[in-house]
Amino acid sequence: MRLFDLTGRVAIVTGGNGGIGLGMAEGLAAAGATVVLAGRNAAKGAAAVTQIVRAGGKAEFANVDVMDEKSCRALIDGAARTHGRLDVLVNNAGVNIRKAPDQLSAAEWRTVIDTNLTSAFVCSHAAYPHMKKNGSGKIINIGSMMSIFAAGFAPAYAASKGGIVQFGRACATAWAKDNIQVNAVLPGWIDTDLTKNARREVAGLHERVLGRTPAARWGQPSDFAGIAVFLASAASDFVTGTAIPVDGGFSVQG
Ligand code: NDP
């Protein structure tokens with residue numbers, strides 16, 4: 001369907017070399033976009049590129065540390081220069097350090113905030129002139145259930161995920177005049193490397209998630225292909241500033 005067609009579009013997905021980012025990248029590539037997967041782990045990046053190319057899509061890996069401003073700017077400007085345009089930016093790279101607020105060091109706080117939130121600012125800031133020149137653009141920020149709720153073991157993570165939604169709303173408001181839409185996706189509990197660690201570190205988490213999620217399962221990265229295509233395509237041209245849960249009903253369960 002043309003409304004969802006991304007042929008000729010160029011998309012960058014930070015953390016696109018695995019997990020939810022790869023699930024989104026696969027959706028974008030299947031809809032026709034050329035996708036730049038940005039991350040630190042080149043072996044994961046090569047495997048992800050192969051997976052997308054084998055399925056008939058176009059993808060490449062860019063070695064990037066989103067904690068480093070120069071690295072982010074080189075990613076965005078490099079992709080726009082190589083491909084002649086930048087249409088979609090997915091700010092997905094993220095980490096968590098699970099400790100109570102009184103146990104977390106300032107350095108650990110900065111690691112989480114810089115990775116999850118400051119990188120979204122730097123990448124969006126770098127992407128804006130390219131999208132403005134294009135006359136259109138789509139920015140998709142990855143929040144969390146912790147954009148809505150909180151947990152005692154995730155103070156910096158919850159702050160970063162609340163912040164990314166509000167940062168996105170500010171961008172949505174500022175850049176609507178440039179035909180740039182900025183939205184957030186709020187994943188529920190998804191089976192990825194990130195949550196494999198959480199299941200190890202937080203006793204009883206697996207069962208609590210199953211019990212609380214109306215869909216009665218953990219999400220999979222492939223559950224994010226559809227929302228990525230929707231928010232990257234013309235289908236969402238009048239949708240901006242939203243935060244859409246993709247959570248099997250977790251956030252509406254009383
Ligand atoms: P993964 O650990 O599988 O993916 C995280 C990705 O972020 C990796 O590909 C990693 O790449 C990348 N990344 C982390 N730090 C950096 C860095 N400094 N520079 C570049 N890339 C970096 O976890 P998920 O797929 O689960 O997480 C993706 C996003 O979804 C995160 O923002 C997370 O907070 C969010 N989320 C996840 C949920 C879940 O249940 N899984 C729930 C709610 C939100 P590399 O390995 O190369 O470092």
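All ligand and atom numbering here is 1-based and tracks the order in the structure. No experiment lies behind these values; they were computed from the predicted model shown. What's counted below: heavy atoms across the whole structure, side chains too, no hydrogens, waters or symmetry copies.
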(request) Pick one of side chain, backbone, both or neither for how Ile190 approaches ligand 1, counting any non-hydrogen atom pair under 4.0 Å. (result) both
(request) Closest by any non-hydrogen atom to atom 21 (N) of ligand 1: pick that one out of Ser147, Ser144, Gly18, Gly39. (result) Gly39
(request) Would you please say whether a donor-acceptor pair under 3.5 Å links the side chains of Gln51 and Arg54? (result) no
(request) Classify the contact between Asn41 and ligand 1 as side chain, backbone, both or neither, using a heavy-atom distance cut-off of under 4.0 Å. (result) both
(request) Could you check atom 27 (O) of ligand 1 against the protein and tell me its nearest heavy-atom contact, residue, atom and distance included? (result) Leu194 CD2, 4.2 Å
(request) Distance to 0.1 Å, residue and atom name: give those for the protein heavy atom nearest to atom 6 (C) of ligand 1. (result) Gly15 CA, 3.8 Å
(message) On a heavy-atom basis, which atom in Asn141 and which in Ala120 lie closest, and how many Å separate them?
(response) OD1-CB, 4.3 Å
(request) Would you indicate which of Val90, Asp191, Ile20 comes nearest to atom 37 (C) of ligand 1 when only heavy atoms are counted? (result) Ile20
(message) Is Asn116 close enough to touch ligand 1? Criterion: a residue heavy atom under 4.0 Å from a ligand atom.
(response) no
(message) Between Thr242 and Asn183, do the side chains contain a donor N or O and an acceptor N or O under 3.5 Å apart?
(response) yes
(message) So for atom NZ, which belongs to Lys70, do other residues, nucleotides or ligands contribute more than 12 heavy atoms lying within a distance under 6.0 Å?
(response) no
(request) Using a 4.0 Å heavy-atom cut-off, say whether Lys44 meets ligand 1 through its side chain, its backbone, both or neither. (result) side chain
(message) Quick test of your reading of the model: are Arg199 and Asp191 salt-bridged, counting only N-O distances below 4.0 Å?
(response) yes
(request) Scan Thr195, Thr192, Thr213, Asp223 and name whichever one has a side-chain contact (heavy atoms from CB on, under 4.5 Å) with Trp218. (result) Thr195
(message) Give me the residue, atom name and distance of the protein heavy atom closest to atom 15 (N) of ligand 1.
(response) Arg40 NH2, 3.2 Å
(request) Around atom 28 (C) of ligand 1, find the nearest protein heavy atom and jot down its residue, atom name and distance. (result) Asn92 OD1, 3.2 Å
(message) Could you check whether any side-chain heavy atom of Arg73 comes within less than 4.5 Å of a side-chain heavy atom of His125, counting everything from C-beta outward?
(response) yes
(request) Using atom types as modelled and distance alone, determine if a side-chain donor or acceptor of Arg98 lies under 3.5 Å from a backbone N or O of Ala154. (result) no
(request) Please could you name the atoms of ligand 1 that Gly19 approaches to less than 4.0 Å, counting only its heavy atoms? (result) 3 (O), 25 (O)
(request) Please could you name the atoms of ligand 1 that Val64 approaches to less than 4.0 Å, counting only its heavy atoms? (result) 19 (N), 20 (C)
(message) Could you report the tightest heavy-atom contact between Thr115 and Met67, atom names first, then the distance?
(response) OG1-CG, 3.3 Å
(message) Tell me whether ligand 1 is touched by Trp218 - counting only heavy atoms on the residue side and a distance under 4.0 Å.
(response) no
(request) Examine the side chains of Asn134 and Asp87 and answer whether a donor and an acceptor come within less than 3.5 Å of each other. (result) yes
(request) Could you list the atoms of ligand 1 found under 4.0 angstrom from a heavy atom of Val95? (result) 14 (C), 15 (N)
(message) Counting C-beta onward and ignoring hydrogens, is there a side-chain heavy-atom pair between Tyr128 and Asp178 closer than 4.5 Å?
(response) yes
(request) Count the heavy atoms belonging to other residues, nucleotides or ligands that lie under 6.0 Å from NZ of Lys133, then report whether that count exceeds 12. (result) no
(message) If you take the nearest heavy atom of each of Ala93, Pro221, Ala42, which one is closest to atom 22 (C) of ligand 1?
(response) Ala93
(message) Distance under 4.0 Å to a non-hydrogen atom of Thr115: what atoms of ligand 1 satisfy this?
(response) 15 (N)
(request) Check Phe224 against Ile20 and note the closest heavy-atom contact, atom names and distance. (result) CG-CG2, 3.9 Å
(request) Measure the distance from atom 18 (N) of ligand 1 to every protein heavy atom, then report the residue, atom name and distance (to 0.1 Å) of the closest one. (result) Asp65 OD1, 2.8 Å
(request) Heavy-atom contacts with Thr195 under 4.0 Å: which atoms of ligand 1 show up? List them by number with element. (result) 39 (C), 40 (O), 41 (N)
(request) Find all atoms of ligand 1 within a distance of less than 4.0 Å from any non-hydrogen atom belonging to Trp189, and give their numbers and elements. (result) 40 (O)
(request) Report, in ascending order of atom number, the atoms of ligand 1 lying under 4.0 Å from any heavy atom of Gly94. (result) 5 (C), 7 (O), 14 (C), 31 (C), 32 (O)
(message) Please confirm whether Gly143 approaches ligand 1 to less than 4.0 Å, judged on its heavy atoms.
(response) yes
(request) Determine whether Gln181 and Asp237 make a side-chain contact, defined as any pair of heavy atoms from C-beta on separated by less than 4.5 Å. (result) yes
(message) Could you check whether any side-chain heavy atom of Glu26 comes within less than 4.5 Å of a side-chain heavy atom of Ile52, counting everything from C-beta outward?
(response) yes
(request) State yes or no: do Phe121 and Val64 share one hydrophobic cluster built from I, L, V, M, F, W and Y residues joined by side-chain heavy-atom distances below 4.5 Å, directly or via other members? (result) no
(message) Among all the protein's non-hydrogen atoms, which is closest to atom 11 (O) of ligand 1, and how far away is it?
(response) Asn17 OD1, 3.3 Å
(request) May I ask you to identify the nearest protein heavy atom to atom 42 (C) of ligand 1, giving residue, atom name and distance to one decimal place in Å? (result) Gly188 O, 3.1 Å
(request) Please say whether Val66 places an N or O atom under 3.5 Å from an N or O atom belonging to ligand 1. (result) yes
(request) If you have a sec, work out which protein heavy atom is nearest atom 36 (N) of ligand 1 and how many Å separate them, to one decimal? (result) Tyr157 OH, 3.5 Å
(message) Once you restrict to heavy atoms under 4.0 Å, what part of Thr192 touches ligand 1? Side chain, backbone, both or neither.
(response) side chain
(message) Against ligand 1, does Lys161 come closer than 4.0 Å with any heavy atom?
(response) yes
